[in-house]
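Below you'll find the structure, written out as structure tokens, and then a few comments.
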Amino acid sequence: MIMLVLSMHAAVTYSGLGGWYYKEGPQPGKPELVVFATYQAFLQSFFMGLLFFIAGYFVPGAYDRKGARRFLRDRAFRLGWPSLLYIFVIGPLTEFYVARSWAGDSPDRSFVQEYGHYITGLRFPGGSGPLWFCVALLIFCCVYAGWRTLTVRRTKSNTSTGTPRPFPGTGTITVFILSIATASFLVRIPWPNGTDFYNMQFCDFSQYIAFFIAGTLAYRCSWLTTLPDATGNRWGFFGRIGGPVCWFALLIGGGALQGHAGDLSGGMHWQSMGMCLWEAMVGTALSIWIIALFRKRFNGQGRWARFFSDNAFAVYVFHPPMLISITLGMSGVPAPALLKFLLATVLSIIVSFAVAALVIRRIPVLKRIV
């Protein structure tokens, strides 16, 4: 999932679709743009939602073991300190010295002057960059702790995963999908795709909240062990085969290829409802398939898997300046955007994990945080 985050940011760099510190212009032609849009749409449909699901899965057990006070203290340390580090150190340094995104309006201002404006102008609450995930997850954890404190007594009966229950059937999952799609459609009327509030894109939060809650229920009901392989394969087939068919039908029928792509982003348009339904269906289907696939074929951790696991969070926090440096270094290379995107993805993964392992996590203070 963390590697896919890097890949998404590399894709935005060359497609211009989405928000990122540095975008290499001009925007590619229509054939390349369709490829980028397809890749990014499929990625966006599941990768962050699945991260919230995984995070939610580990929340009930941690709360059971620690209780409300220690749970919140540990989550504040684990999620809060990296967010503050990014907002007040990594993000500003990246914007001013690497991406040069702070130099647009006032190119003569020094870093100290620009940083002062960043603080006094109250721009810093929106400076979380990719760490918006940690900020949102911390909020979700606080809400969960509040709910547990008010409604559930901490007894021995809730200190385990509970009695295993069958994985939800097709009808339940369909209701889950329709609920996400409906909520997303309503939210995207005032907040269409591409808009944010202090770096929080509310247009996608219906899925994030639903997946987080599903993760907590998956822990209690042992759904990750009761998920049948046949169910994973069936939803995987739908996501990988039915997803592209529905996607291109939506693009063609919705007029996106004729210049009406904006109708997919939000507002009172049937295209927006179609997009929300597609995202909810494909995101849920691919997530179920991936969980079943990894449980069956990758249910172990060797040397390399342990290396990537140990350094994944550090890569998530520190990858922006490294990815931007790589893409800026390639800016003069006369090559198709898709080729540069693939190269940037591979290089950023190699460089980010190497720097995380050899430099960042060897610094005692940073190792405690990431």
Backbone of S110 reached by a side-chain donor or acceptor of Q113 within 3.5 Å: yes
Stepwise, does the side-chain contact (heavy atoms from CB on, under 4.5 Å) test hold for D196 with W191? CA-CA 7 Å; D196 67 86; W191 288 297; over 6 Å; no
Would you sort out whether D74 and R69 count as a salt bridge (charged side-chain N to carboxylate O under 4.0 Å, His left out), showing the intermediate values? CA-CA 9 Å; D74 290 353; R69 182 174 299 179; over 6 Å; no
Could you check whether atom CZ of R165 has more than 12 heavy atoms from other residues, nucleotides or ligands sitting under 6.0 Å from it? no
When you check the gap from the basic side-chain N to the acidic O, do R188 and D204 get nearer than 4.0 Å? yes
Quick one, F52 with F133, criterion side-chain contact (heavy atoms from CB on, under 4.5 Å). Give me CA distance, side-chain angles, the key distance, then yes/no. CA-CA 9 Å; F52 276 108; F133 170 77; 3.4 Å; yes
Distance flag, aromatic centroids of H319 and H9, threshold under 6.0 Å: yes
Test salt bridge (charged side-chain N to carboxylate O under 4.0 Å, His left out) on R100 and E95 and set out the steps. CA-CA 5 Å; R100 300 284 182 179; E95 295 229 45; over 6 Å; no
I'd like to know whether CZ of F307 has more than 12 heavy-atom contacts from other residues, nucleotides or ligands below 6.0 angstrom. yes
In this structure, are over 12 heavy atoms from other groups packed under 6.0 Å from R240 atom CZ? yes
Hydrogens and angles aside, do Y39 and S7 bring a side-chain donor and acceptor to less than 3.5 Å of each other? yes
Ring geometry between F77 and W81 (parallel below 30°, tilted from 30 to 60°, perpendicular above 60°): perpendicular
Using the side-chain contact (heavy atoms from CB on, under 4.5 Å) rule, pick out the option among L224, L217, I291, T216 that qualifies with Y57. L224
Short side-chain to backbone donor-acceptor contact, K30 and L257, under 3.5 Å: yes
Evaluation steps, ring-ring contact (aromatic ring centres under 6.0 Å, His included), between Y118 and W102: CA-CA 10 Å; Y118 174 70; W102 273 4; 5.1 Å; yes
